[in-house]
Number of protein chains: 2
Amino acid sequence: MASANEQDLSLKLFVVLSRAVQSVMKRVEEDIKNYGLNPTEFAVLELLFNKGDQPIQKIGEKILLASSSITYVVDKLEKKKYLIRKPCPKDRRVTYASITPEGQELMSTIFPEHKEALQEIFGGLNAEEKENMIKKLKKLGFHAQEL
Amino acid sequence: MASANEQDLSLKLFVVLSRAVQSVMKRVEEDIKNYGLNPTEFAVLELLFNKGDQPIQKIGEKILLASSSITYVVDKLEKKKYLIRKPCPKDRRVTYASITPEGQELMSTIFPEHKEALQEIFGGLNAEEKENMIKKLKKLGFHAQEL
DNA sequence: ATAATAAATCTCGAATTCGAGATAATTTAT
DNA sequence: ATAAATTATCTCGAATTCGAGATTTATTAT
């Protein structure tokens, strides 16, 4: 059994993590909202922009979203003309999401801006601190995932 | 202007942070769901349990929730008999949320269990790593908040 | 070859959160 | 003392996410 101090330390880490993430995400959302997108839409476009066409199923796996939610987001992006659905000829169960030229143009403009915004948002830490935090967060994330 | 490497590091930190938090939160939600609560309900009860009666307004400030959302959560907890609303006699605009004996009993049972669960979820890091992460997350959070 | 199983996508309804605005009470300024 | 501004809470509708289940297609087992 963990000592009271160890437990309190974990509790504190949980609280501090929640707060910090809330502050960070708020800024990130503000940034993305400037582009007329929400974080999920941005994540989907970023995936298609950087990794090419994806089966709708795969998108859900990569950005950790339920299939019904993906349908919703892809619908919205299709209405905005940033992507189109393309049926897969080999497997008629599958539909690809494919970024349009409009989507490409949008992303090639805003992705660099987004990276600058992230650079500012994470400006509280220097490079070494970021490297270290990445390492520790991976450890933490893997452990939590495997429970 | 930040170098490409610095920007990529921030982007990577953002991605890793998002993933890690997603894994952690998923476990925490599973834990809390066992108690028949969602994370927001738990946060409200925890506040009342540890800090005593609170004006509804204050709850929103402490757990960072919009006033309309607080009304919704307090309604739910009141239906579950874990808290009651008490009008403030000094200022008739104010309503206190007050934990009931049932709520006290619930929290005194599940709060220790919750701390044990957190101890497991954060078990990927040792005490020193947690201390360090708390320090860095505070830096990160304050910086992001002040932008 | 047929039946059972699995996989991909979608539909639907519920849960949660937000923002805008309504209402009522208090405080501040004139 | 009255008017104006502020504060606390709530109502309402929109946005987003989920899970359960429906539908269609493909794969596996008999």
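Computed from heavy atoms alone, side chains included, the values below leave out hydrogens, waters and symmetry copies.
The residue among A:V94 and A:Q22 whose nearest nucleotide of DNA chain C is located toward the 5' end is A:V94. Projected onto DNA chain D by closest heavy-atom contact, A:K76 and A:R93 fall at different nucleotides, the more 5' of which corresponds to A:K76.
Along DNA chain C, read 5' to 3', the first and last nucleotides having any atom under 4.0 Å from a heavy atom of chain A are C:dA7 to C:dC12.
Contact check of residues 82-92 of chain A against DNA chain C (heavy atom, cut-off under 4.0 Å) returns A:R85. Taking every heavy atom of residues 63-72 of chain A and every atom of DNA chain C, pairs under 4.0 Å involve A:S67, A:S68, A:T71, by number. Contacts between residues 37-50 of chain A and DNA chain D, defined by a heavy-atom separation under 4.0 Å, are made by A:N38, A:T40.
In summary, B:K139 and A:E129 engage in a salt bridge, as defined by a charged side-chain N under 4.0 Å from a carboxylate O. The pair B:K33-B:E30 does not count as a salt bridge, with every side-chain nitrogen at least 4.0 angstrom from each carboxylate oxygen. Using a cut-off of 4.0 Å between Lys/Arg side-chain N and Asp/Glu carboxylate O, A:E102 and A:K81 are scored as not salt-bridged. Ion pairing between a basic and an acidic side chain is recognised when a charged N comes within 4.0 Å of a carboxylate O; B:E29 and B:K26 show no such pairing. With respect to B:K80 and B:E41, a salt bridge is recorded, a charged nitrogen being found less than 4.0 Å from a carboxylate O.
Within the model, atoms OG of A:S108 and CZ of A:F49 stand 5.0 Å from one another, a figure rounded to the nearest 0.5 Å. One distance of note links CG of B:L140 with CD1 of A:I121; it measures 9.5 Å at 0.5 Å rounding.
B:V28 and A:M25 fall within a single hydrophobic cluster, where Ile, Leu, Val, Met, Phe, Trp and Tyr side chains are chained together by heavy-atom contacts under 4.5 Å.
In terms of the ring pair (Phe, Tyr, Trp, His ring centres under 6.0 Å) criterion, residue partners of A:F42 (sequence neighbours excluded) are, by chain and number, A:H114. Qualifying side-chain hydrogen bond (donor to acceptor under 3.5 Å, both in side chains) partners for B:K12, counting only residues two or more places apart in sequence or in other chains: none.
At least one side-chain heavy atom of A:R85 sits less than 4.5 Å from a side-chain heavy atom of A:D75. Under the 4.5 Å side-chain criterion, counting only non-hydrogen atoms from C-beta, A:L48 is not in contact with A:Y82.
In this model, a donor atom of one side chain and an acceptor atom of the other lie less than 3.5 Å apart for B:K130 and A:S10.
Taking atom CD1 of A:I56 as the reference point, atom P of D:dT24 lies 17 Å away to the nearest angstrom. Here D:dA8 presents its C1' atom at 15 Å from CD of B:Q54, a figure rounded to the nearest Å.
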